[in-house]
There are 2 protein chains.
Amino acid sequence: MGILRKTKSVEIVVKQFDKDSSAISVITLVERLNSDMNKTTVYRILNKLEDDGVVHSFLGKNGHKWYAKCNNCSSTKHHDVHPHFQCITCGKVDCLDINVHIPEIPNRNVEIAQVLLQGQCDACIKN
Amino acid sequence: MGILRKTKSVEIVVKQFDKDSSAISVITLVERLNSDMNKTTVYRILNKLEDDGVVHSFLGKNGHKWYAKCNNCSSTKHHDVHPHFQCITCGKVDCLDINVHIPEIPNRNVEIAQVLLQGQCDACIKN
DNA sequence: TCTTAAATACAACTAAGTTGCAAATATAGT
DNA sequence: ACTATATTTGCAACTTAGTTGTATTTAAGA
């Protein structure tokens with residue numbers, strides 16, 4: 001069950017993903033919005049927004065949760081996956097607009113595939 | 001810096017990976033060995049074993065740490081990666097002996113790639 | 001405006017993983 | 001074998017991401 005009511009808190013959270021195309025960690029979001037709402041609210045709203053397909057979540061390098069806006073996410077087709085890239089220098093995370101093809105695995109039924117790439121982003125390579 | 005001394009604790013931990021070819025979560029390991037050693041010791045030994053290239057670590061579906069024995073792991077070649085498969089029914093995790101090719105990403109320097117697949121394993125499909 | 005089901009704040013909790021320090025132990029040198 | 005010492009371990013306390021229960025507040029339909 002997703003969002004049912006358009007509250008101020010929901011609007012504020014959604015706005016965060018509009019103004020920034022890169023992914024945002026829950027930790028950052030909780031910190032950034034701590035004057036607007038409780039951290040429990042942040043967690044619950046993100047949960048619901050994901051149910052509704054507005055955002056998608058994934059785990060960053062420390063196992064912490066990140067969210068990004070769903071653009072052309074088709075969460076039903078799981079054999080081509082868009083990877084997430086986390087810069088090990090500046091920490092920024094982006095959804096990459098490429099497909100990583102996951103081959104068929106014998107004797108296993110693959111339903112979800114997550115690809116996390118780590119390295120240096122353009123800005124950090126140049127510095 | 002890895003293991004310097006061959007202690008009983010180190011032997012016990014290493015033995016866990018010998019008798020079982022699938023990956024083991026740290027949580028399981030700490031629980032299984034709690035009569036043999038302290039959880040801090042488990043964490044520290046695993047850390048060192050990874051430094052030494054004896055085991056490799058990755059994050060499972062909840063962001064919890066898992067370890068598996070390194071067989072033909074070449075941690076220096078990062079553009080072909082072996083994925084980890086976690087069964088969402090029984091929870092078991094295996095290293096898959098296939099390569100997932102990560103394409104070159106423009107303007108980014110990919111150093112690490114993690115692929116986590118989730119679905120049903122052979123045994124759980126049949127049940 | 002009134003009703004009520006959904007949403008929120010708050011505080012307490014859970015659990016994975018870390019840290020600091022004193023005690024124990026493996027190993028090299030004698 | 002014995003000793004010295006640096007490594008390893010146990011223990012307890014801590015950190016922090018994420019969850020839960022409950023009373024209060026609020027959106028939205030009647």
Side-chain angles (χ1 to χ4, degrees), chain A residues 1-17 23-52 54-68 84 86 88 91-93 114 116 118, chain B residues 1-17 23-52 54-68 84 86 91 93 114 116 118:
Chain A
M1 126 201 141
I3 298 278
L4 298 182
R5 296 183 182 178
K6 283 190 179 174
T7 64
K8 253 173 191 162
S9 297
V10 171
E11 269 185 67
I12 292 171
V13 171
V14 170
K15 203 179 295 172
Q16 304 304 313
F17 294 96
I24 316 176
S25 74
V26 180
I27 297 170
T28 301
L29 222 37
V30 166
E31 191 178 7
R32 188 188 293 175
L33 301 179
N34 84 82
S35 58
D36 296 301
M37 70 196 77
N38 192 270
K39 74 168 174 175
T40 314
T41 306
V42 177
Y43 277 100
R44 289 201 265 233
I45 288 177
L46 290 169
N47 222 13
K48 291 178 181 175
L49 287 176
E50 185 167 30
D51 274 0
D52 289 343
V54 180
V55 297
H56 64 277
S57 74
F58 55 93
L59 299 177
K61 59 176 176 174
N62 300 312
H64 295 160
K65 217 164 186 182
W66 289 71
Y67 283 88
H84 296 104
Q86 180 159 29
I88 54 179
K92 197 172 168 184
V93 179
Q114 290 177 45
L116 178 66
Q118 294 175 56
Chain B
M1 130 203 140
I3 299 278
L4 299 182
R5 295 183 184 181
K6 282 192 179 174
T7 65
K8 253 174 191 161
S9 297
V10 172
E11 270 186 67
I12 292 171
V13 171
V14 170
K15 204 180 293 173
Q16 305 302 313
F17 294 95
I24 315 175
S25 74
V26 180
I27 296 170
T28 300
L29 222 38
V30 167
E31 191 178 8
R32 187 189 292 173
L33 301 180
N34 83 83
S35 58
D36 295 300
M37 70 196 76
N38 192 271
K39 72 167 175 174
T40 312
T41 307
V42 177
Y43 277 98
R44 287 199 268 231
I45 288 176
L46 289 170
N47 221 12
K48 290 179 183 176
L49 287 175
E50 187 168 27
D51 274 358
D52 288 344
V54 179
V55 297
H56 64 277
S57 74
F58 55 94
L59 300 176
K61 58 175 173 172
N62 300 314
H64 295 158
K65 215 164 188 183
W66 290 70
Y67 282 88
H84 296 103
Q86 181 160 28
V93 179
Q114 292 176 45
L116 178 66
Q118 295 174 55

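The chains referred to below are lettered A, B, ... by the order of the sequence lines, with proteins before strands, and numbering in each begins at 1.
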What is the distance from [atom1] of [X] to [atom2] of [N], rounded to the nearest Å?
X       : N      : atom1 : atom2 : result
B:Leu49 : D:dT8  : CG    : C1'   : 13 Å
A:Asn38 : C:dC13 : CG    : P     : 17 Å
A:Ile45 : C:dA9  : CD1   : C1'   : 12 Å
A:Leu33 : C:dA7  : CG    : P     : 18 Å
B:Asn62 : C:dA15 : CG    : P     : 13 Å
B:Tyr67 : C:dG17 : OH    : C1'   : 10 Å
A:Leu46 : C:dT8  : CG    : C1'   : 15 Å
B:Met37 : C:dA26 : CE    : P     : 13 Å

side-chain contact (heavy atoms from CB on, under 4.5 Å) involving [X] - partner list, sequence neighbours excluded:
X       : answer
A:Leu46 : A:Val13, A:Phe17, A:Val26, A:Leu29, A:Val42, A:Tyr67
A:Asn34 : none
A:Ser9  : A:Thr7, A:Met37, A:Thr41, A:Ile45

Neighbours of DNA chain D within residues 5-14 of chain B, by heavy-atom distance under 4.0 Å: B:Arg5, B:Thr7, B:Ser9
Taking every non-hydrogen atom, the tightest pair across B:Thr28 and B:Ser25: OG1-OG, 2.8 Å
Which atom of B:Ala23 lies closest to which atom of B:Phe58, heavy atoms considered: CB-CZ, 3.7 Å
Would you please name every residue forming a side chain to side chain donor-acceptor pair (under 3.5 Å) with [X], sequence neighbours left out?
X        : answer
A:Asp36  : none
B:Glu50  : B:Ser57
B:Gln118 : none
A:Gln86  : none

Heavy-atom side-chain proximity of A:His64 to A:Leu59 below 4.5 angstrom: no
4.5 Å side-chain heavy-atom contact, B:Val10 and B:Lys6: no
Axis bend over the full length of the helix from C:dT1-D:dA30 to C:dT30-D:dA1, computed from five pairs that close each end, to 10 degrees: 30°
Touch class at under 4.0 angstrom, heavy-atom based, for A:Asn34 against every strand present: nothing
Heavy-atom protein contacts under 4.0 Å, nucleotides 15-25 of chain D, coded B base, S sugar-phosphate only, - none: --SBBBB----
